[in-house]
Amino acid sequence: MSHASVNPARGPFPEGFLWGGATAANQMEGEYAGGGKGLSIQDVMPKGITSPPTEGPTPDNLKQVGIDFYHRYAEDIALFAEMGFKVYRFSIAWSRIFPEGDNSEPNEEGLEFYDRVLDELEKHGIEPLVTLSHYETPLNLARTYGGWTNRKLIGFYERYCQVLFERFGSRVKYWLTFNEINSIIHEPFISGGIPIPRDELTEQDLYQAIHHELVASGRVTRMAHELMPAAKIGCMIVAHPVYPLTPSPDDVVQAMHTAHASYAFGDIHCRGIYPGYLLRHFRDNGIELEITDQDRDDLTNTVDFVSFSYYMSICESADATIAKGPGNLMGGVPNPTLEASEWGWQIDPQGLRVIINDYWERWQKPLFVVENGIGAKDVLVDVDGSLTVEDDYRIDYMNDHLVQVREAIADGAHVLGYTSWGCIDIVSAGTAQLSKRYGFIYVDRNDDGTGSLERYRKKSFDWYREVIASNGAILDGSAA
Ligand code: BGP
């Protein structure tokens, strides 16, 4: 019997549900070498993960200017407030605070920039949700130290977080330690600042790097609770519900293995110990991690909530000859029942209900959907004398996904909030394009760097304002 038939009146979202939007410093701030900022790995990734890192910065890197949030933050936050945002997720650029990552003292100019951002959020009554590391490892830590393969990064990260907690702790309640921490398995450079090409990186070094990040996350979770007793610290996972391509038990087992690869990060963040299936993977592959007693104690500092990004589900098959499709940092074998976006990401709103139920039942921790949205080639048009984008496809995508969040809440899951990804057009992570637009706000800048940087409200801007004002009541659709 479907739960929907048990709860015909699904009702609105909980009172106090945190509606908002999400961005990342490297994809929007610009000012990549100004304000005392040092280079990050993003400054040598002009094409995202679609080509190897360059030696140094190159002028074709759209992120050098981004959408100039560094200077336009007040205008953009005012637009978020106009939509009624309760929360705004953004990242602090690590190399704006510690330019080389191993500096003894922080860059005061960088701290002052985020003071100004927090001032604007406070002015509009918008709760900050801060990502401490969003694919923005200082380039020096990557190139000189080898990124997270080097245990020294734990100390550098701890120092960075301590400065932020002491500076902003009275103004920021919600913190995320590492954006999509599980993506390091597929993309070690963007995710872990590891300069070794993926096909040359041994599993031993990869899992030792993952261990360092998990220890660092545990340490700063403990530090946060000591310095900011009211703060809530979350982990952040890229969530892909994994479906077997066929009912064959071989496909089901393959799907289980793929799911385990991501579950492990949540299991350790939520339970504080390595799960048995991961220890078996280590045994079966001769991986012997260097784990100290202090590390084991650090890992027991579990998170207060689990946040995740959701764009798509993936299919798995035991038949390794079936080609995998595109996706957010990883793809599965194409699901013959789903449509895809212009970038080939398969669209599965019910997958969001599935993953929320799955994570809730697995960890019994409050959940936060901190990324969801559709990247599309939006076209600016003149409607009654005003420039806008008729993005009904975005309204449909978000309506359908939010309906499934509501169903998951009716299923019993505790969901703190929802921040749509790229609430304003920004440079995409995977392909470093501006033409892959996610926002409710169009930014006039193109892939060739031209454009006025002017902002224009899309049709979805007013729709999302209504969704927030009604606490989700205007959403239409019912459980499948
Ligand atoms: C996630 C990242 C975000 C965002 C999103 C969309 O992996 O956390 O930074 O970019 O993917 O991906 P893309 O920008 O490649 O479309």
Side-chain angles (χ1 to χ4, degrees), residues 12-25 27-29 67 69 73-92 114 117-132 134 168 171-176 179 231-234 236 239 304-311 352 356 366-374 394-395 397-399 401-406 408-409 414-426 438-441 443 455 457-458 460-475:
F13 286 74
E15 274 313 304
F17 189 75
L18 291 170
W19 297 96
T23 59
Q27 298 172 248
M28 71 180 316
E29 286 182 0
I67 60 165
F69 180 80
Y73 61 92
E75 169 193 357
D76 292 341
I77 291 169
L79 286 167
F80 302 160
E82 192 181 325
M83 282 189 275
F85 278 22
K86 311 294 185 196
V87 66
Y88 170 52
R89 178 192 175 211
F90 63 100
S91 70
I92 290 181
Y114 294 107
V117 170
L118 290 171
D119 289 345
E120 289 304 312
L121 290 173
E122 228 159 70
K123 190 164 84 177
H124 293 288
I126 299 174
E127 187 83 52
L129 166 56
V130 172
T131 310
L132 290 158
H134 195 131
F168 306 126
R171 310 168 83 182
V172 179
K173 177 180 175 183
Y174 296 100
W175 302 85
L176 306 179
N179 180 67
K232 300 296 179 194
I233 315 305
M236 201 290 202
D304 303 309
F305 66 97
V306 173
S307 74
F308 59 91
S309 59
Y310 178 77
Y311 296 93
L352 182 49
I356 290 174
L367 302 171
F368 210 130
V369 184
V370 293
E371 290 186 26
N372 177 242
I374 183 165
R394 179 162 296 109
I395 291 171
Y397 177 101
M398 297 189 71
N399 174 82
H401 283 77
L402 283 168
V403 161
Q404 297 302 329
V405 173
R406 185 180 61 193
I409 292 169
H414 178 183
V415 183
L416 294 168
Y418 172 94
T419 55
S420 77
W421 177 255
C423 47
I424 182 170
D425 290 352
I426 53 181
Y438 283 89
F440 303 111
I441 301 158
V443 176
R455 274 74 165 144
R457 297 168 183 77
K458 302 179 190 177
S460 55
F461 182 99
D462 285 339
W463 171 81
Y464 197 49
R465 182 162 44 82
E466 286 301 304
V467 169
I468 296 173
S470 68
N471 197 30
I474 68 156
L475 296 171

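In this text the structure is predicted, and so the values were computed from the model without any measurement.
With Asn372 as the fixed residue, the side chain to side chain donor-acceptor pair (under 3.5 Å) test singles out one of Tyr311, Tyr438, Tyr418, Tyr310: Tyr418.
Legend: residues meeting side chain to side chain donor-acceptor pair (under 3.5 Å) with Glu82, ordered by chain and number and at least two apart, are Arg457. Taking the ring-ring contact (aromatic ring centres under 6.0 Å, His included) definition, one finds that Tyr114 meets it with nothing, sequence neighbours left out. For Glu75, the side chain to side chain donor-acceptor pair (under 3.5 Å) criterion is met by no residue, not counting sequence neighbours. For Asp76, the side chain to side chain donor-acceptor pair (under 3.5 Å) partners are Arg455, not counting sequence neighbours. Applying the side chain to side chain donor-acceptor pair (under 3.5 Å) rule to Lys173 yields no partners; only residues at least two apart in sequence or on another chain are considered.
Here CE of Met236 is found 7.0 Å from CG of Leu176. Values are rounded to the nearest 0.5 Å. Taken from CD1 in Ile67 to CD1 in Ile424, the straight-line distance is 4.0 Å, to the nearest 0.5 Å. Atom CZ of Arg465 sits about 11.5 Å away from atom OG of Ser470, to the nearest 0.5 Å. Taken from CG in Leu132 to CH2 in Trp175, the straight-line distance is 6.0 Å, to the nearest 0.5 Å. Atoms CD and NE2, from Glu122 and His124 in turn, are 11.5 Å apart once rounded to the nearest 0.5 Å. Rounding to the nearest 0.5 angstrom, the gap separating the CD atom in Glu127 from the CG atom in Leu121 is 9.5 Å.
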Residue pair Phe90, Tyr88: steps toward the ring pair (Phe, Tyr, Trp, His ring centres under 6.0 Å) verdict = CA-CA 6 Å; Phe90 63 100; Tyr88 170 52; 5.4 Å; yes
message = If you apply the rule side-chain contact (heavy atoms from CB on, under 4.5 Å), what do you find for Tyr464 with Cys423, and how did you get there?
response = CA-CA 10 Å; Tyr464 197 49; Cys423 47; over 6 Å; no
task = Assess whether side-chain contact (heavy atoms from CB on, under 4.5 Å) is satisfied between Lys232 and Leu416, documenting all intermediate values.
result = CA-CA 11 Å; Lys232 300 296 179 194; Leu416 294 168; over 6 Å; no
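By the 4.5 Å heavy-atom criterion applied to side chains, Phe440 and Lys458 are not counted as neighbours. Taking 4.5 Å as the limit, every side-chain heavy atom of Arg406 sits out of range of all side-chain heavy atoms of Ile409. Contact check for Leu352 versus Phe308: side-chain heavy atoms found under the 4.5 Å cut-off. Counting heavy atoms from C-beta outward, Trp421 and Ile426 have side chains that approach closer than 4.5 Å. The shortest distance between side-chain heavy atoms of Phe368 and Arg89 does not fall below 4.5 Å. Residues Met28 and Val443 are not in side-chain contact: their nearest non-hydrogen atoms beyond the backbone lie 4.5 Å or more apart. Using a 4.5 Å heavy-atom cutoff, the side chains of Met398 and Ser460 are not in contact. In this structure, the side chains of Ile92 and Phe168 come closer than 4.5 Å at one or more pairs of heavy atoms.
Between Gly439 and Asp425, the closest heavy-atom pair is N-OD1, 3.0 Å. Minimum interatomic distance between Ser91 and Glu29 (heavy atoms only, all atoms of both residues): O-OE2, 4.2 Å. Looking at every heavy atom in both residues, Val87 comes nearest to Pro128 through CG2-C, 4.5 Å. Scanning both residues, Gly84 and Ile468, for their nearest heavy atoms gives O-CG2, 3.3 Å. Residues Ile77 and Val117 approach most closely at CD1-O, 3.9 Å, considering heavy atoms.
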Side chains of residues 12-20: which donor-acceptor partners sit under 3.5 Å, not counting sequence neighbours?
{"unit_1": "Trp19", "atom_1": "NE1", "unit_2": "Asn471", "atom_2": "OD1", "d": "2.9"}

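A donor-acceptor contact shorter than 3.5 Å is absent between the side chain of Asn399 and the backbone of Leu475.
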